[in-house]
Amino acid sequence: MPEKTVKKCPECGATNLKVNRDRGEVACRECGLVLEDTMVDFEQEWREFDAEAAEKKRRTGAPMSYTHFDQGLGTEVGTKADYYKLGGGNKNKFFRLRKWQQRISTAIERNLKLALSELKRVSSYLKLPSNVEEEASRMYTRAVQKNLVRGRSMESVVAGCVYAACRRQGVPRTLDEIAEASDVEKKEVGRTYRFVTRELDIKILPSNPADYVPRFASSLNLSAETQTRAVEIIEAAQRAELTSGRGPTGIAAAALYVSSLINGEKRTQREVADVAGVTEVTIRNRYKELLEELGLEDELNR
DNA sequence: AAGACGAAAGTGGTTGA
DNA sequence: TCAACAACTTTCGTCTT
């Protein structure tokens, strides 16, 4: 096993890292960021001489995943068969443990089961990549463990987790889209999103307008060149400090609008506004700033 | 007639006393 | 807890193509 050199989480600075050999990952215990997921151990560090040893040492099974309520690793306190192996004194203990197990199951796990299927529904509706779904599931699991769902609807917490996971994975969806997919009010999604990220101490970088470009562009049937141009415009705008404090969707929309004009694939302000979920007015304001500050007028008059 | 433009008032959320 | 505030929206009248 090669020594790992990573000692600190680049995301939150925590040194509290967890090596998970079964999944080949090094993950941060604080924020769940996976630092290293290509760690592969080709060696077999044990040998099996007989069936019993093999049983103990083999560690393969169904893949572990946070999208299952128990991470795919079910554990049950045994049933009748085990019961007969126990001596008298242990019988009470046995029942006590079973009872506990059932209580825990009914409370946390049932909630998780339900919530994670809701989460699956939402993320497939939004066609989210699996890494986002994974991360959202992980967040939700932590939220349940910290009792954050109490007093909030399960759906809204799921929605908040999905939104946060999207942001963290650089595939942002707008609050509107999440709200529509999860049937939770936009306001509520935003509120639980802020609550959950604060309570779980999850750091979210301000979303980059450029992350929205590919999706908006494809909704508008814009060419790859126009897309690239839009991203360049956004980068220039960021250098000119035109982006801070502004809604990222508005910036992305305006950049796309300008680049569609430059590349002769004109879309109306209304069309762009609709897919970006902003108004024409916002596009106009951003658009005006872009032209003034970046000197793009020359390119338009050609 | 449709699209672009801009002024003005309204909305929801953040911030700082 | 409240008021000030910035960003964004809604609405609407006017100009341009």
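In the text below, chain A, chain B and the rest are named by the order of the sequence lines, each starting its count at 1. Just so it is clear, the model here is predicted, and its values are computed rather than measured. In what follows, every heavy atom counts, from backbone to side chain, and hydrogens, waters and symmetry copies are set aside.
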Given atom CD1 of A:I283 and atom C1' of C:dC8, what is their separation to the nearest angstrom?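 After rounding, the gap between these two atoms is 13 Å.
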
Minimum heavy-atom separation for [X] and [Y], please, with both atom names.
X: A:L256; Y: A:A217; result: CD1-N, 3.9 Å
X: A:V278; Y: A:I283; result: CG2-CG1, 4.0 Å
X: A:V272; Y: A:A253; result: CG1-O, 3.4 Å

With a 4.0 angstrom cut-off to heavy atoms of chain A, pull out the first and last contacting nucleotide of DNA chain B, in 5'-to-3' order.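 Contact boundaries, 5' end first: B:dG3 to B:dT14.
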
For A:S123, run the side-chain hydrogen bond (donor to acceptor under 3.5 Å, both in side chains) check against A:E133, A:R173, A:E118, A:E134 and tell me which one passes.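 Only one option passes, and that is A:E133.
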
Ignoring hydrogens and geometry beyond distance, is a side-chain donor-acceptor pair present between [X] and [Y] at under 3.5 Å?
X: A:N131; Y: A:Q169; result: yes
X: A:N221; Y: A:E265; result: no
X: A:Y125; Y: A:E180; result: yes

Name all stems that contain residues of DNA chain C, defined as runs of 3 or more consecutive Watson-Crick or G-U wobble pairs, both distances under 3.5 Å.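 B:1-11 with C:7-17, B:13-17 with C:1-5 - these are the stems of 3 or more pairs that involve DNA chain C.
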
Counting the atoms with a prime plus P, OP1 and OP2 as sugar-phosphate, which does [X] contact under 4.0 Å by heavy atoms, base, sugar-phosphate, or nothing?
X: A:K266; answer: sugar-phosphate
X: A:T279; answer: base
X: A:R286; answer: sugar-phosphate

Can you tell whether the side chains of A:R215 and A:E177 come within less than 4.0 Å, N to carboxylate O?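 Answer for the salt bridge query: yes.
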
Between N or O atoms, less than 3.5 Å apart, protein on one side and nucleotides 12-16 of chain C on the other: list the pairs.
none

More 5' along DNA chain B: A:E280 or A:K187, using each one's nearest nucleotide?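 On the 5' side of the pair lies A:E280.
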
Pairwise distance SG(A:C166) to CD1(A:I178) - rounded to 0.5 angstrom: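 With rounding to 0.5 Å, SG (A:C166) is 4.5 Å from CD1 (A:I178).
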
Under 6.0 Å from the ring centre and within 45 degrees of the ring axis: does the NZ or CZ of A:R152 meet both conditions for the six-membered ring of A:F195?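 Yes - A:R152 lies over the ring of A:F195, closer than 6.0 Å to its centre and within 45° of its axis.
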
Quick check: do A:Y193 and A:I204 have side-chain heavy atoms less than 4.5 Å from each other?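 A side-chain contact under 4.5 Å exists here.
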
